[in-house]
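Quick notes on the structure that follows.
No hydrogens, no waters, no symmetry mates; every other heavy atom, side chains included, goes into these values. Proteins get letters first, then strands, A, B, ... in listed order; numbering begins at 1 in each.
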Amino acid sequence: MSHQMLIAILLLSPLVGFILNGVRFRSSNYLLAGSIATGAVAVSFACAIALFMQLVGLPPEQRRLTVSFFEWISVGSFKVNAGFVVDQISAIMILIITGVGSLIHLFSIGYMHHDKGVTKYFAYLNFFLFNMLILVLGDSLLTMFVGWEGVGLCSYLLIGFWFNDSAKAAAGMKAFITNRIGDAAFIIGMFILFMTFGTLNMHELNGLAPTIMESSWLGAVTLGTLMLFIGATGKSAQIPLYVWLPDAMAGPTPVSALIHAATMVTAGVYMIVRLNPLFVVAPNTMMVIAIVGAATAVLAATIGLTQTDIKKVLAYSTVSQLGYMFLAVGVGAFGAGMFHLMTHAFFKALMFLGSGSVIHAMHEEQDIRKMGGLKKYLPITHFTFVLGWLAIIGMPPFAGFFSKDEILWFAYSSPRGHILLWIAGAIGATLTAFYMTRLMALTFWGSSRVDKSVHPHESPLVMTIPLMVLGLLSVIGGWVGIPHVISEFVGHIPNFWEHWLEPLITKLPEASQVAHSATEEWALMGVSVSLASISALAAFIMYTKKAGAADKVANAFGPVYKLVDNKYYVDEAYFGVIINPLVSASRDLWHYVDVNVIDKATYKITDLVRGGGSFVRSLQNGNMQQYAMYVVLGVVIALSYMLVG
Amino acid sequence: MPSTSFLTDISINHYLILSAILFSIGMAGVLLRRNIIVLFMSIELMLNAVNISFVTFSHYFDKVDGQVMVFFVMTIAAAEAAVGLALAVSIFKRFKEVNIRFFEHLKG
Amino acid sequence: MTADVFIFWFLAILTIVSALSVVLMTNPIYSALSLAMTMVSVAAIFVTLQAYFLAGVQLIVYAGAVMVLFVMVLMLFDLKNELQAFSRGKFTGAIKVGAVGILAGLIVGAVGSFIMAGKSGAPVTPEASTSADATKALSEHLFFNHVFGFEALGVLLLVIAVGTVALSRSKGGTHAKH
């Protein structure tokens, strides 16, 4: 099949699924809805594999399959095609999206079977995938933006899926509005880039990227990329716009796995990697990205330490891991960022689905303080969750180890890296190990604190199969990008990942001032792994062996603990500084300006019109003789004008 | 002396002024009378005034067209009187009323 | 003072007086009779203007047919002397009378300023023509130059006749009967 056809099917299959489920959205036949949706995504996945194979068959320089379905906008010299491109970067993305997506769809059949809105749910999910595919395949920023908005919409719909609960509906709105702030910046970024380069096509933009570094903060490329990055902080939940993602956990758990862990939230990273030649020439932007990424990684990890909701812990973990990805792209390690994006998609989707399985087993209980000892009730979930846990805390040879280690190495060794960035990353990794172990310990290990009325049970096969597949991927997913030093050590295993992405990644122009030796890399690797191991062990002991130890630590840190427990009061600060003043200012505008000025003005106008109307109506009173009189008066006026004038 | 010449020399002006006066009287009737039949009569007066003008012009400029127009006007006037009176009869049969003010209620 | 002048003034006064009585009489029958008088004097004015045929038509159509129509309808209604012959409302009434008066003045003024300044200085003396010549000229003009208008009038009269019959057959009113 031609690649045009494949791309068309890839894109349209979820759309067809959406329409098929969308037109019968009242149905509660979960098996039919789930089969349609999962089938649609599976077809897309098959197309993605076929496209990937075609790409592999081409020589590395020509690995770029494009298709342009129609001319979408044509205004003067401004032209945008509905064009889509499959190259090395987007091929990986579509594989992740459709692959993980089909597993999550499959899982959803089991998870959502009791829900009345199941058909609507699957329709949204398919629509999300359609938009996500447009986002990653679009060949211009505008096409990407269509998908960008589309996934935002689907995210909103799915977060607020149980909209009868006003807190959940509010969470959806929060996500939507927060994203909107980022989107505005994204649009401004597009304007700036279009003004500077005259095109929005990403391939052309990359080709037009200047070769000279832009040192000024106010350079067009710096401003444009900075704006795009602000857009990315909205979509990918970075400081300062990360606040929506933890609340987004109000949605069904598979949605959290698909949208808020594996795919949509990585869109910002993907966008930056896609435009890496532009970002490379804007070192200031890169610096901002790296700092924001590192800060987010640490901040979110600390918040994760104190959360008691199983999904909230995972949500902050996601924010933190996204911070790592931005740290990677910020120091110029675009390949490492994409690599972590992929492995994170595997293990975080796995853990979210695992948490879904737990929640399912616990009858919608999400508080980990009321769990414990679930290991014996949920053997498969527990086993796969352990794989995910090992992957996220970076134990070799699990997937997370390779990607996270590469990021940390680049944070240190890249010309744009810094030892402080590495330290932040290492602290984040240590904290990650701690809170993930805490999650494991409180949920699966130790003594049971499960309520008597709840009888945990292992989930059906339709839910455990995706867990197993993702568990396998969490183990082996990192092996495609084994770092140089390790492959030297164990024998010549090529680093597929680097070779694959190489043609699209711009090398940093600055040469590294210091030559970094393999010993250094080994040393850093050892430090981060041992830090993670120690903190994981500490958490294990604190939360399983020594009951009450955790409270002691919490009491010892007193105010700091309270600060972290309340998520640094960021939400409160946003409310106090931005939202409440905005609301009260709007209310004042309404009470004083709107009521007194605008309304009054319109009322006066209507009074005038009404008065004029009633006057004219009084002339139209049906009295023929009066009409005749008006005629006579008119004639008199006309005649006197003729005679006098 | 203009006054005697005005009295003795009958010109086109005399006829036109007569026509104007007749027209104004008819119009006053239309505006002031309440009986619909008298109203029609006043309209006939106005039409006759116009006819006088036409015939006057026809006579003084020696063109027959004015008289043709009078012919047409008469026909229309007769037709108008027929229809108007038929309407008046029709309304009178139903409401027993010829006052023009009463017809305000027919405006719908 | 020639006979022509005397006849004009006589007819003019007769016309105006009878027209005034049409408007001012409170009994519609008197109005109708005054109207007949007006029609006859207008016909006489036509004669002084040498429009003999039109004078005849005026007598037959107006003083004959139309007047019969009016009188017959008045008889049908059996109307007595009216208590309120004129519209109520002194203010609008004043406006109406004033408007009509100003209009008359304006027309007279217009006639004076336009015509007197132009041709009226030398009264046109049309060549004397016999009644037969004038009528022949009129008929030729009518049937050669204005034959379409003539035919259209014929159709109009037919429509009027049908409409009048239809109106008189209806029970009156446009609303559904209860």
Show me the side-chain donor-acceptor pairs of residues 56-76 of chain C shorter than 3.5 Å, one per line, residues at least two apart or across chains.
residue	atom	partner	partner atom	Å
C/Q58	NE2	B/N48	OD1	2.7
C/Y62	OH	B/E44	OE1	3.2

### Task
With a 4.5 angstrom heavy-atom cut-off, could you sort out which part of C/A161 is near chain B: side chain, backbone, both or neither?
neither
### Message
Checking C/T48 against B/Y15: is there a side-chain donor and acceptor pair closer than 3.5 Å?
### Response
yes
### Message
I'd like to know if the side chain of B/S58 and the backbone of B/F54 have a donor-acceptor N/O pair within less than 3.5 Å.
### Response
no
### Under 4.5 Å from any heavy atom of chain B - which part of C/T38
side chain
### Query
By a 4.5 Å heavy-atom criterion (distance strictly below it), what part of C/L156 contacts chain B: side chain, backbone, both, or neither?
side chain
#### Entry: Region of B/L87 in contact with chain C, defined by heavy-atom distances below 4.5 Å
both
### Plane angle bin for B/F71 and C/F150 - parallel if under 30°, tilted between 30 and 60°, otherwise perpendicular
parallel
### Summary
Honestly, the part of C/F77 sitting under 4.5 Å from a heavy atom of chain B is both
### Message
Under a 4.5 Å cutoff for heavy-atom pairs, which residue among B/L85, B/V83, B/V89, B/L18 has the most contacts with chain C?
### Response
B/L85
### Summary
Looking only at C/V42, C/L54, C/V22, C/T164, most heavy-atom pairs under 4.5 Å shared with chain B are made by C/L54
#### Entry: Proximal component of C/L35, with respect to chain B [non-hydrogen, under 4.5 Å]
side chain
### Message
Checking the side chain of B/H14 only, and the main-chain atoms of B/S11 only, is there a donor and an acceptor separated by less than 3.5 Å?
### Response
yes
### Query
Where do B/L16 and B/F57 land on the side-chain contact (heavy atoms from CB on, under 4.5 Å) test, with the steps shown first?
CA-CA 9 Å; B/L16 291 177; B/F57 284 122; 3.7 Å; yes
## Note on the structure
Residue from C/L49, C/V100, C/V97, C/L157 scoring the most non-hydrogen pairs under 4.5 Å with chain B is C/L49
### Task
Count the heavy-atom pairs under 4.5 Å between each of C/I16, C/T15, C/L103, C/V159 and chain B, then report the option with the highest count.
C/I16
### Message
Under a 4.5 Å cutoff for heavy-atom pairs, which residue among C/L138, C/I45, C/L24, C/D4 has the most contacts with chain B?
### Response
C/L138
### Mutual orientation of the aromatic rings belonging to B/F72 and C/H146 [parallel < 30°, tilted 30-60°, perpendicular > 60°]
perpendicular
Identify each donor-acceptor pair in which a side-chain atom of residues 19-27 of chain B lies under 3.5 Å from a protein atom, sequence neighbours left out, and give them as a table.
residue	atom	partner	partner atom	Å
B/S19	OG	B/A49	O	2.8
B/S19	OG	B/S53	OG	2.6
B/S24	OG	B/A20	O	3.0

